[in-house]
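Everything on this sheet refers to the single structure shown next.
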Amino acid sequence: MEWCVSMPKIELHAHLNGSIRDSTLLELARGLGEKGVIVFSDVEHVIRKSDRTLHEVFKLFDLIHVITTDHKTVTRITKEVVEDFASENVVYLELRTTPKKNDSIGMSKRSYMEAVLEGLRAITAVDVDFVPRSMDVSSPVTTMNMDTFSGTARKKIYVRLLLSIDRRESTEAALETVKLALEMRDLGVVGIDLSGNPIVGQWDTFFPALEFAKEQGLQITLHCGEVPNKKEIQSMLGFLPHRIGHACCFEEEEWTKLKSSEIPVEICLTSNIRRFRTETISSIDIHHFVDLYNAKHPIVLCTDDSGVFSTTLSQEYRLAASAFGLGKREMFQLAKTAVEFIFADGGVKRNLEDIFFLAEKKLYV
Ligand code: 5GP
């Protein structure tokens with residue numbers, strides 16, 4: 001585990017409100033309980049429970065959103081989530097979140113995202129690079145970058161943002177999110193995610209907004225195949241997103257299509273096992289990681305919701321190592337390959353490649 005922590009890592013699938021520390025969530029819930037907004041004793045066991053079904057996960061998100069959605073709290077959780085990833089040597093984080101509107105507290109999608117940015121600016125414990133430099137000026141690899149993985153110098157983390165469209169949203173609301181992403185490109189927003197309860201909403205509702213986003217040059221990742229829905233999975237693969245998340249309920253035809261299109265897959269082992277335990281993935285041995293890994297299909301290990309599923313990215317690597325017999329070299333290679341699938345510009349990619357190059361020497365000498 002120590003080795004997995006020391007290795008530099010890339011996180012490409014992390015939902016902000018799913019990555020909140022349990023301690024913070026409990027503290028915020030207790031505070032709202034004292035104010036009479038919620039009944040703390042009714043929600044405490046929901047927060048503390050770690051083994052949840054898909055349905056329970058989305059019930060928990062509804063609760064989390066009641067607890068966290070004001071500007072100050074959004075700023076706080078953003079800061080803490082990024083600090084937590086940096087502390088386990090995540091050197092590049094793509095953090096996704098659903099911009100939320102709440103007229104009763106004067107929150108617009110834009111002001112929600114400004115609160116997220118405020119959280120990034122508030123971080124002092126580590127150096128955070130979240131505003132892209134001009135395309136042709138890549139920031140030099142400093143000692144800070146190089147020593148990031150060794151724990152001997154101040155850590156540095158690159159953070160880029162993805163705006164999520166929730167499957168409960170209308171076409172207009174999805175378009176509003178895409179337009180916001182376009183406006184915020186200079187502030188580190190690199191793409192769009194489609195997420196939310198997979199049994200809610202229709203692909204046709206989101207397609208116009210996603211197509212517009214793609215035309216405008218935003219990068220797209222879709223939650224795909226979380227439930228068996230052949231028609232939707234095929235439409236999503238036909239759309240050719242830049243990455244997909246999960247791919248748990250594919251059939252032979254979809255695997256063939258996925259592999260020929262070489263769309264990278266964000267794999268979230270703990271999340272998949274917890275939620276699909278009684279359904280398609282009954283145990284980790286039959287997880288599709290094995291088939292995709294053996295086929296050399298582009299994959300990246302991710303946490304999904306480190307708070308909700310009580311995991312860390314280091315733990316996901318350790319789980320892969322123990323379940324699938326990966327050695328240190330294979331794990332390092334897996335982490336390093338993820339650089340190819342990031343949505344940030346080439347300058348960041350080159351810096352990350354240098355970080356991995358130097359880490360490789362240190363970790364194996
Ligand atoms: P937020 O976007 O509010 O920062 O993060 C939580 C939200 O992300 C949830 O309400 C849900 O819409 C989405 N989300 C988190 N985990 C998952 C997941 O595993 N599958 C899907 N489809 N959506 C998720």
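Each ligand, and each atom within it, is numbered from 1 in the order the structure gives. All residue numbers in this chain count up from 1 along the given sequence.
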Exercise. Run the salt-bridge test on Glu266 and Arg96 with the 4.0 Å N-O cut-off and return the result as yes or no.
Key: yes

Quiz item: Would you call Glu114 and Arg110 a salt bridge, taking side-chain N to carboxylate O under 4.0 Å as the test?
Solution: yes

Practice problem: For Glu83 and Ala125, work out which heavy atoms get closest and say how close. | Solution: OE2-CB, 4.2 Å

Quiz item: Under 4.0 Å between a Lys/Arg side-chain N and an Asp/Glu carboxylate O for Glu254 and Lys257?
Solution: no

Quiz item: Charged N to carboxylate O under 4.0 angstrom, Lys231 versus Asp204?
Solution: no

Self-check item: Every residue of the protein that comes under 4.0 Å of ligand 1, judged on heavy atoms
Solution: His15, Leu16, Asn17, Phe58, Phe61, His65, Thr97, Thr98, Lys100, Asp166, Ser195, Gly196, His223, Glu226, His246, Arg275, Asp304, Asp305

Exercise. Taking the six-membered ring for Trp and the single ring otherwise, decide whether the centroids of His288 and His246 are under 6.0 Å apart.
Key: no

